[in-house]
Engineer: 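Provided herewith is a single structure, encoded as structure tokens, for subsequent inquiry.
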Amino acid sequence: MAVVNDLYILQLDRIREKLRNILMDKGIIKDKDATLEELVEAVKETNEKNSLSSLLSNELESITDDEILRLRPYSLYGLTTLTKAHFENLTYIAPSTFYNCTSLKNLYAPNVIEIDSGSPYYPFRNTQIENLIFPKAQVISSNGYYTFQTAKLKRLIIPKLTILPATPFASTNMLEVLDSSITGWNNKQVNLKTLIFRNTSKMPSLSSTDNLQNIEEIYCLNQFVEELKKATNWSVYADKIKPIEGSKYEDLDWYKNEEWYAEEMSVWE
């Protein structure tokens with residue numbers, strides 16, 4: 001027999017809220033007083049694959065839902081069996097959406113516009129994601145710590161991003177490639193090899209030469225190349241600074257020609 005205490009009631013309330021959110025994302029509005037049984041049945045009716053029971057029992061390994069537009073805070077929090085998630089039309093990722101999805105490696109969400117890194121932070125923390133590719137996204141909170149903290153993140157491709165929140169890669173030391181339009185680099189990443197700046201209006205700044213210990217190539221617009229080679233801290237890496245124009249990174253979707261991307265996409269075949 002379940003022990004009915006405050007914690008048990010709180011857990012039930014969280015399940016009810018999660019189910020209401022699932023239905024709201026599909027355009028179905030249920031009253032706040034709707035029973036748990038009613039909500040479960042309503043979700044089942046909208047889900048042909050009927051993955052609800054797996055979700056609630058923490059046994060869901062894969063999710064593909066191309067109707068969802070927004071994921072709310074903690075919507076998949078702690079789903080430790082989830083290995084891959086496919087959201088074709090997702091536009092918004094809330095704080096802590098994938099927090100503690102400790103088996104999650106593959107995330108496909110090419111139409112995300114906003115990544116909310118505000119309280120309670122950690123949209124991707126404690127996942128196994130190696131590649132985050134957001135061709136259209138911006139980060140909409142400037143104070144969201146650990147925005148891109150994952151245990152295995154190697155490549156972050158987010159070309160429209162102009163401003164990074166504070167310590168976005170804290171405890172993330174596997175990052176090898178960053179493709180963005182940020183206007184400054186203030187983070188120490190010992191494995192970072194390729195840094196791409198696409199900003200057309202401002203030359204990037206570098207807070208310390210110690211931040212790029214193992215950098216191999218730095219790309220910016222041709223209009224900034226010579227100036228960047230002489231700039232404070234950047235001058236140490238003058239021989240590594242190159243124009244984007246004429247390089248393999250000139251096209252925004254350059255990654256589609258990479259072997260690692262083919263491997264990333266093969267899980268959806």
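Side chains are part of it too, since the values below use all heavy atoms of this structure and drop only hydrogens, waters and symmetry mates. Just so you know, these numbers come straight off a predicted model, no measurement behind them.
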Engineer: Is the shortest heavy-atom distance from the side chain of Leu107 to the side chain of Phe124 under 4.5 Å?
Structural biologist: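 SC-SC contact between Leu107 and Phe124 confirmed.
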
Engineer: When you group the ILVMFWY residues by side-chain heavy-atom contacts below 4.5 Å and let the links chain together, are Val112 and Met265 in the same group?
Structural biologist: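 Shared cluster, yes.
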
Engineer: Give the intermediate values and the outcome of side chain to side chain contact (heavy atoms under 4.5 Å, CB included) for residues Asn211 and Trp185.
Structural biologist: CA-CA 8 Å; Asn211 290 343; Trp185 183 251; 4.0 Å; yes

Engineer: Enter the distance from Leu228:CG to Gln223:CD here, rounded to the nearest 0.5 Å.
Structural biologist: 11.5 Å

Engineer: Using a cut-off of 6.0 Å, state whether more than 12 heavy atoms not belonging to Glu227 lie near its atom CD.
Structural biologist: no

Engineer: Can you name the closest pair of heavy atoms from Asp65 and Phe87 and give their distance?
Structural biologist: O-CD2, 3.4 Å

Engineer: Within this structure, what is the CG-OG1 distance for the pair Leu104 and Thr83, rounded to the nearest 0.5 Å?
Structural biologist: 7.5 Å

Engineer: Over all heavy atoms of both residues, which pair between Thr81 and Leu60 is shortest? Give the atoms and the distance, please.
Structural biologist: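 Minimum heavy-atom contact is OG1-O, 2.7 Å.
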
Engineer: Identify the two heavy atoms, one from Leu71 and one from Ser75, that lie closest to each other, and give their separation to 0.1 Å.
Structural biologist: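 Closest approach of Leu71 to Ser75, heavy atoms only: CB-OG, 3.7 Å.
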
Engineer: Tell me yes or no: between the side chains of Asn131 and Tyr261, is some donor less than 3.5 Å from an acceptor?
Structural biologist: no

Engineer: Run the side chain to side chain contact (heavy atoms under 4.5 Å, CB included) test on Leu221 and Glu245 for me, step by step, so that the C-alpha distance in whole Å, both residues' side-chain angles and the decisive distance to 0.1 Å come before the verdict.
Structural biologist: CA-CA 7 Å; Leu221 295 180; Glu245 294 90 338; 3.8 Å; yes

Engineer: Does the separation of the ring centres of Trp234 and Phe197 fall below 6.0 angstrom?
Structural biologist: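 Centroid separation for Trp234 and Phe197: below 6.0 Å.
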
Engineer: Counting C-beta onward and ignoring hydrogens, is there a side-chain heavy-atom pair between Met174 and Leu153 closer than 4.5 Å?
Structural biologist: no

Engineer: Membership question, hydrophobic clusters at under 4.5 Å side-chain separation (ILVMFWY): are Tyr108 and Leu156 in the same one?
Structural biologist: yes

Engineer: Heavy-atom distance under 4.5 Å between the side chains of Asp210 and Lys188, does that happen here?
Structural biologist: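 A side-chain contact exists here, since the closest heavy-atom pair is under 4.5 Å.
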
Engineer: Is there a donor in the side chain of Asn199 and an acceptor in the side chain of Ser201, or the other way round, less than 3.5 Å apart?
Structural biologist: yes

Engineer: Side-chain donor-acceptor pair under 3.5 Å between Asn89 and Asp66, yes or no?
Structural biologist: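 No.
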
Engineer: Are Ile113 and Ile93 linked, directly or through intermediate hydrophobic residues, by side-chain heavy-atom contacts shorter than 4.5 Å (ILVMFWY only)?
Structural biologist: no

Engineer: Would you confirm whether Asn233, through its side chain, and Leu206, through its main-chain N or O, come within 3.5 Å as a donor-acceptor pair?
Structural biologist: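 Such a contact is found between Asn233 side chain and Leu206 backbone.
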
Engineer: Quick one: is the NZ or CZ of Lys154 closer than 6.0 Å to the six-membered ring centre of Trp260, and within 45° of its axis?
Structural biologist: no

Engineer: Quick one: closest heavy-atom pair of Ala94 and Thr97, and the distance?
Structural biologist: O-OG1, 2.6 Å

Engineer: If you look at every heavy atom in Ala231 and Met203, which pair is closest and at what distance?
Structural biologist: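 Heavy atoms of Ala231 and Met203 come nearest at CB-CE, 4.0 Å.
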
Engineer: Mind checking whether Arg198 and Pro159 have side chains closer than 4.5 Å, heavy atoms only?
Structural biologist: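 In short, these two side chains touch, coming nearer than 4.5 Å.
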
Engineer: CD of Gln128 to OG of Ser103: how many Å apart, nearest 0.5 Å?
Structural biologist: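 Here the interatomic distance stands at 7.0 Å.
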
Engineer: With a 4.0 Å cut-off on N to O distance, would you call Glu258 and Lys248 a salt bridge?
Structural biologist: yes

Engineer: Between Leu132 and Ile158, is any pair of side-chain heavy atoms under 4.5 Å apart?
Structural biologist: no

Engineer: Could you report the tightest heavy-atom contact between Pro135 and Pro110, atom names first, then the distance?
Structural biologist: CD-O, 3.5 Å

Engineer: Side chains of Tyr249 and Thr194: does their closest heavy-atom pair fall under 4.5 Å?
Structural biologist: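 A side-chain contact exists here, since the closest heavy-atom pair is under 4.5 Å.
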
Engineer: Treating Ile, Leu, Val, Met, Phe, Trp and Tyr as nodes and any side-chain heavy-atom pair under 4.5 angstrom as an edge, say whether Tyr237 and Ile244 lie in one connected cluster.
Structural biologist: yes

Engineer: Are Val236 and Leu195 grouped together when hydrophobic residues (ILVMFWY) are joined by side-chain heavy atoms under 4.5 angstrom apart?
Structural biologist: yes

Engineer: Please determine whether side chain to side chain contact (heavy atoms under 4.5 Å, CB included) holds for the pair Lys229 and Ile241, giving the CA-CA distance in whole Å, both sets of side-chain angles, and the decisive distance to 0.1 Å.
Structural biologist: CA-CA 7 Å; Lys229 287 182 177 181; Ile241 298 173; 4.1 Å; yes

Engineer: Kindly indicate, with the supporting measurements, whether the criterion side chain to side chain contact (heavy atoms under 4.5 Å, CB included) is fulfilled by Leu82 and Leu76.
Structural biologist: CA-CA 9 Å; Leu82 185 67; Leu76 294 171; 4.3 Å; yes

Engineer: So, Asn214 versus Lys193: side-chain donor-acceptor pair below 3.5 Å or not?
Structural biologist: no

Engineer: Taking NZ in Lys242 as the centre, count heavy atoms belonging to other residues, nucleotides or ligands within less than 6.0 Å. Is the count above 12?
Structural biologist: yes

Engineer: Without hydrogens or angle criteria, can the side chains of Trp268 and Asn106 be said to hold a donor-acceptor pair below 3.5 Å?
Structural biologist: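 Their side chains do not contain a donor-acceptor pair, so the 3.5 Å distance test is not met.
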
Engineer: Hey, can you tell me if Tyr99 and Tyr77 have their rings parallel, tilted or perpendicular (30° and 60° cut-offs)?
Structural biologist: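 Rings of Tyr99 and Tyr77: perpendicular, over 60°.
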
Engineer: With the side chain counted from C-beta on, respond yes when Val225 and Cys220 share a heavy-atom pair under 4.5 Å apart, and no when they do not.
Structural biologist: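 Contact flag for Val225/Cys220 side chains = yes.
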
Engineer: Hey, what do you get for CD (Glu67) to CD (Glu88), rounding to the nearest 0.5 Å?
Structural biologist: 12.5 Å

Engineer: Counting only heavy atoms not in Glu250, do more than 12 fall under 6.0 Å of its CD?
Structural biologist: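 Atom CD in Glu250 is crowded, with more than 12 foreign heavy atoms closer than 6.0 Å.
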
Engineer: Between atom CG of Leu164 and atom OG1 of Thr147, what is the distance when rounded to the nearest 0.5 Å?
Structural biologist: 8.0 Å

Engineer: CZ of Phe148 to OG1 of Thr127: how many Å apart, nearest 0.5 Å?
Structural biologist: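 It is 12.0 Å, given to the nearest 0.5 Å.
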
Engineer: Would you say that Asn126 contacts Thr150 through its side chain, given a criterion of any heavy-atom pair below 4.5 Å between the two side chains?
Structural biologist: no

Engineer: Any side-chain donor-acceptor pair under 3.5 Å between Glu217 and Tyr219?
Structural biologist: yes

